Amino acid sequence: MINMNFHQRVVIDTHAQDWIASPAKGVWRKPLEREDAESGHTTSIVRYEPGSKFSSHPHPFGEEILVLEGVFSDEHGDYPAGSYLRNPPGSQHAPFSEQGCVILVKLNQFASHDLTQVRINTKQQDWLPGIGGLQVMPLHDFEHEHVALVKWPAGERFQPHRHFGGEEIFVLSGSFIDEHGRYPKGSWLRSPHMSEHFPYVEEETVIWVKTGHLPLGHG
């Protein structure tokens, strides 16, 4: 198991991690959360070499993908960098990449009745005004889970706040900062239920953020 205590804060600089071979030739991974070797709750950075592929497989409890580099594909379409995908529980596909790609992927973490398939090219979506100078691009909402991109203008500071149901962040550009540290592009952060911080940035920064999805309580 890797980082499966959801009551602990976790920070990983994914650029400092080594790539680990997957069962598919030419597909490499950097594990962030892993319940079991090849099953259960999983969050990873995954790299497909050009021409690599996975055989068709099901997602009994859903799959969530953010394409970071290149073009990710399956039999349903091609998804360039900036694509956000949700394949609901019970779905199946055979992913591949002709030119190669890097993705953030989360497996087996959906509510059983969260059945909406999502395909968003964030490069073609409008930013909406958020709190203060922030801009927000909503990606998915289901019950208390919220997923979005957030763009921070240079010098923006946010009020101290608590995370009901926790918070998960992946830094896409710039550098995200709070009183605990500084997190450059490629950083993955997971903060538990009712944790608190005071974030700010010095340069324009874009983050992928998910809130409200982690277990409540302590112990």
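Since this is a predicted model, take the numbers as computed values, not measurements. Along the sequence shown, residues carry numbers from 1. Computed from heavy atoms alone, side chains included, the values below leave out hydrogens, waters and symmetry copies.
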Apply side chain to side chain contact (heavy atoms under 4.5 Å, CB included) to Ser191 and Glu168, showing your working.
CA-CA 6 Å; Ser191 300; Glu168 189 173 340; over 6 Å; no
Side chain to side chain donor-acceptor pair (under 3.5 Å) between Thr42 and Gln109, intermediate numbers included:
CA-CA 8 Å; Thr42 303; Gln109 300 175 38; over 6 Å; no
Please walk me through it: do Ser56 and Gln92 pass side chain to side chain donor-acceptor pair (under 3.5 Å)?
CA-CA 7 Å; Ser56 184; Gln92 181 165 323; 2.9 Å; yes
Assess the residue pair Ile12 and Leu189 against the criterion (side chain to side chain contact (heavy atoms under 4.5 Å, CB included)); give the C-alpha distance rounded to whole Å, side-chain angles, the decisive distance to 0.1 Å, and a yes or no.
CA-CA 7 Å; Ile12 297 175; Leu189 299 78; over 6 Å; no
Trace of the side chain to side chain contact (heavy atoms under 4.5 Å, CB included) decision for Phe142 with Thr116:
CA-CA 9 Å; Phe142 185 79; Thr116 301; 6.0 Å; no
Could you walk me through whether Lys210 and Glu145 satisfy the salt bridge (charged side-chain N to carboxylate O under 4.0 Å, His left out) test, starting with their C-alpha distance in whole Å, then the side-chain angles of each, then the deciding distance to 0.1 Å, before giving a yes or no?
CA-CA 7 Å; Lys210 180 200 287 275; Glu145 178 179 321; 2.9 Å; yes
Walk me through it: do Asp141 and His146 pass the test side chain to side chain donor-acceptor pair (under 3.5 Å)?
CA-CA 5 Å; Asp141 291 290; His146 306 283; 2.3 Å; yes
Candidate pair Met194 and Leu216, rule side chain to side chain contact (heavy atoms under 4.5 Å, CB included), full reasoning
CA-CA 8 Å; Met194 296 311 290; Leu216 310 184; over 6 Å; no
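For the pair His41/Arg34, no side-chain contact is recorded, criterion being any heavy-atom separation below 4.5 Å from C-beta on. For the pair Arg162/Ser195, no side-chain contact is recorded, criterion being any heavy-atom separation below 4.5 Å from C-beta on. No side-chain heavy atom of Gln99 sits less than 4.5 Å from a side-chain heavy atom of Pro50. Residues Leu85 and Tyr79 are in side-chain contact: their nearest non-hydrogen atoms beyond the backbone lie under 4.5 Å apart. Side-chain contact between Trp208 and Leu172 is present, with heavy atoms from C-beta onward closer than 4.5 Å. Within the 4.5 Å cutoff, the side chain of Val102 has no heavy atoms near those of the Lys30 side chain. Within the 4.5 Å cutoff, no side-chain heavy atoms of Glu179 are placed close to those of Tyr200.
A distance of 9.5 Å separates CZ of Phe96 from NZ of Lys53, quoted to the nearest 0.5 Å. Separating the NE2 atom in His93 from the OG atom in Ser73 is a distance of 11.0 Å, to the nearest 0.5 Å. The CZ atom of Phe170 sits 5.0 Å away from atom CG of Leu68, with the distance rounded to the nearest 0.5 Å. Expressed to the nearest 0.5 Å, how far CG of Asn3 lies from CG of Leu32 amounts to 8.0 Å. The line from CG of Leu66 to CD1 of Ile103 is 9.5 Å long, rounded to the nearest 0.5 Å. Within the model, atoms SG of Cys101 and CD of Glu69 stand 9.0 Å from one another, a figure rounded to the nearest 0.5 Å.
A distance below 6.0 Å separates the ring centres of Phe164 and His193. When ring centroids are compared, His197 and His163 come within the 6.0 Å threshold. Aromatic rings from Phe198 and Phe158 are positioned such that their centres are separated by 6.0 Å or more.
When each of Glu64, Glu35, Glu33 is paired with Lys106, the salt bridge (charged side-chain N to carboxylate O under 4.0 Å, His left out) condition holds for Glu33 and for no other.
Transitive grouping of hydrophobic side chains (ILVMFWY, heavy atoms separated by less than 4.5 Å) brings Val118 and Leu104 into a common cluster. Follow the hydrophobic side-chain contacts under 4.5 Å out from Phe54 and you reach Val105 in the same cluster. Under the 4.5 Å side-chain heavy-atom criterion for grouping Ile, Leu, Val, Met, Phe, Trp and Tyr, Ile65 is not connected to Val71 through any hydrophobic cluster. Val171 and Val209 fall within a single hydrophobic cluster, where Ile, Leu, Val, Met, Phe, Trp and Tyr are joined by side-chain heavy atoms under 4.5 Å apart, directly or via other members. Residues Ile45 and Val27 fall into different hydrophobic clusters, defined by Ile, Leu, Val, Met, Phe, Trp and Tyr side chains chained together at heavy-atom separations under 4.5 Å.
Taking both residues in full, the closest heavy atoms of Gly82 and Thr122 are given as O-OG1, 2.6 Å, listed atom of the first, atom of the second, then distance. Residues Lys151 and Val206 approach most closely at CG-CG2, 3.9 Å, considering heavy atoms. When all heavy atoms of Phe176 and Trp152 are compared, the pair lying nearest together is CE1-CZ2, 3.6 Å. In terms of heavy-atom proximity, Ser173 sits nearest to Thr205 at O-CG2, 3.1 Å. Heavy atoms only, all atoms of each residue included: Ser112 and Pro89 are closest at O-CG, 4.2 Å. The heavy-atom pair separating Leu107 from Glu63 by the smallest distance is CD2-CG, 3.5 Å.
Other residues, nucleotides and ligands contribute only 12 or fewer heavy atoms inside 6.0 Å of the CE atom of Met1. At most 12 non-hydrogen atoms from other residues, nucleotides or ligands lie less than 6.0 angstrom from CZ of Phe61.
Between Glu202 and Arg182 there is a salt bridge, since at least one side-chain N of the basic residue sits less than 4.0 Å from a carboxylate O of the acidic one.
Of the N and O atoms on the side chains of Tyr183 and Asp178, at least one donor lies less than 3.5 Å from an acceptor on the other residue. Between Tyr84 and Asn121, the side chains place no donor N or O within less than 3.5 Å of an acceptor N or O (distance only, hydrogens not considered).
In terms of modelled atom types and a separation under 3.5 Å, the side chain of Ser22 and the main chain of Ala24 share a donor-acceptor contact. Counting only distance, with no hydrogens or angles, the side chain of Glu167 and the backbone of Arg190 share no donor-acceptor pair below 3.5 Å. When atom types are taken as modelled, the side chain of His15 and the backbone of Asp13 share no donor-acceptor pair closer than 3.5 angstrom.
The side-chain tip of Arg29 does not point at the ring of Trp19 from less than 6.0 angstrom away and within 45° of straight on.
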Please tabulate, for the side chains in residues 125-140, all donor-acceptor contacts under 3.5 angstrom to protein atoms that are two or more places apart in sequence or on a different chain.
residue, atom, partner, partner atom, Å
His140, NE2, Arg86, NE, 3.4
His140, NE2, Asp114, OD1, 3.3
His140, NE2, Asp114, OD2, 3.1

